[in-house]
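Here is the structure we will look at.
Any value given below was found using the heavy atoms of this structure, including those in side chains, with hydrogens, waters and symmetry copies removed. In what follows, chains are A, B, ... by sequence order, proteins preceding strands, each numbered from 1.
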2 protein chains.
Amino acid sequence: MKYHKIPDETIRRMPMYLRAFSMLKTEHQDTISSIHLAERLHLKPPQIRKDLSYFGAFGTRGIGYPVSSTAKQIRSILKLNITQKAALIGAGRLGAAIAEYPGFSMFGFDIAAIFDNEPSKIGTKVGKNVVEDISKISMIRDLDIHLAILAVPADAAQSVVDMLVGCHVKGILNLSPCYLVVPRSMKVVTIDLAMELGTLPYYM
Amino acid sequence: MKYHKIPDETIRRMPMYLRAFSMLKTEHQDTISSIHLAERLHLKPPQIRKDLSYFGAFGTRGIGYPVSSTAKQIRSILKLNITQKAALIGAGRLGAAIAEYPGFSMFGFDIAAIFDNEPSKIGTKVGKNVVEDISKISMIRDLDIHLAILAVPADAAQSVVDMLVGCHVKGILNLSPCYLVVPRSMKVVTIDLAMELGTLPYYM
DNA sequence: TTATGCTTGTGAATGTGAACACAAGCACGA
DNA sequence: TCGTGCTTGTGTTCACATTCACAAGCATAA
């Protein structure tokens, strides 16, 4: 499988695999076949095999994939083997929920700074961090943070993004219902809960 | 374009279009071409035209799409022309953020009930609703609610889903990092913020 | 009324990802 | 040491989605 371009869809599934392997590890299972993994994840076995094989031969024929070492491999493929620091912009209700969301640690993410523009929030503690004034956003560059999570109102999102560009941020998880203009070097993932919910009635 | 199966990807984009048309309406623009809409949404013009044409000919050649009536059409395609009631399970930080998220109203969603199992939360007001005990979950059936938003810890999610099945819920927006077993008649959309964030470092 | 300019709607072509089917190959036991 | 059973890795096939390219057709103005 050398000299192959890796499909975007495969990358999108890698965190799923990582989460599954991490969970299997806590269940003290030390090996899993593509068949059983596929059942858990609601996927087909060949897809899992192909996805993983893009990055090398992790499995053992007749046995399956070794849980612990495969997890480690995926972590390093996704560059999650080192702690990835992230900045959270917006300390409202949603920001607070994100700051205390336990799921990030499984992937090695660390919310290393929180910013807001509301004077009453600055200085208060949210999760393990003290909320900083948005005017100090260049801290992000000084702290060598390259990821940002955007939990601000939609009409403020673009102006925050413009600031983040100057801070050398390379990836943004955007939770505002809006489209962001960014330089090509920046990767944005936007999630709008209402939009996701919007498809469901169609299928009922 | 008659007798054609409508691609899932097209359905997934319809809420995007609806949001865009809704916003254009508030900007008092009464017509938009696929070219300009594509710029806003970071899509290609032919894709927009093809997507919309699956449901009929909404546009006017030489002019573009009439904002107001196209929005109305999409709303009725997605069954969002009538208010869709949704139940929110989990009144923690994330639940509270969702309950007050203003974006739902644009799609005609109405959070009609909130449930939790934490005694201290029951009876308190979150958003416009009073939190009910999870034991009263059959209210969902009585209120004729068919959508649920799940904002509970991952280890509680499956048991809540099993209850929702009995309440005739047909669609679930799941915010817990876990896979749910549901009857085939039920549609589930799962969002895990950590997983979405998980792909970003790969691209940096 | 007719010509012009612009944009839609859509068959066909292209591109991308999923699924299949089977050879390759490890582990375990006889 | 050899055979058996099971599962991986992958070339190929198939299905789905995107993009192209152009005819169809409305609106506006001469």
Any chance the side chains of A:Q158 and A:D162 put a donor and an acceptor closer than 3.5 Å? yes
Do A:N174 and A:T190 have side-chain atoms, one donor and one acceptor, less than 3.5 Å apart? yes
Figure out the [atom1]/[atom2] separation between [X] and [N], and round it to whole Å.
| X | N | atom1 | atom2 | result |
| --- | --- | --- | --- | --- |
| B:Q47 | C:dG11 | CD | P | 18 Å |
| B:K44 | D:dA21 | NZ | C1' | 15 Å |
| A:F55 | D:dG9 | CZ | P | 13 Å |
| B:H42 | D:dT19 | NE2 | C1' | 19 Å |
| A:D51 | D:dT10 | CG | P | 13 Å |
| A:I63 | D:dT7 | CD1 | P | 8 Å |
| A:Y65 | C:dC26 | OH | C1' | 14 Å |
| B:K5 | D:dA17 | NZ | C1' | 11 Å |

A:T70 and A:F55, any side-chain heavy atoms less than 4.5 Å apart: no
By nearest atom, which of the nucleotides [options] is closest to the [X] side chain?
| X | options | value |
| --- | --- | --- |
| B:T60 | C:dG9, D:dT8, D:dA27 | D:dA27 |
| A:R13 | C:dA18, C:dA12, D:dT7 | C:dA18 |
| B:R49 | D:dT7, D:dG9, C:dT10 | C:dT10 |

Hey, does [X] reach any base, or is it just sugar-phosphate, or nothing, if we go heavy atoms under 4.0 Å?
| X | result |
| --- | --- |
| B:S34 | sugar-phosphate |
| A:P7 | sugar-phosphate |
| A:R12 | nothing |

With a 3.5 Å cut-off and just heavy-atom distances, do the side chain of A:R61 and the base of D:dT8 make a donor-acceptor pair? yes
Please work out whether the ring planes of B:F107 and B:F109 are parallel, tilted or perpendicular, with thresholds of 30° and 60°. tilted
Should the pair B:K136-B:D142 be classified as a salt bridge under the 4.0 Å nitrogen-to-oxygen rule? no
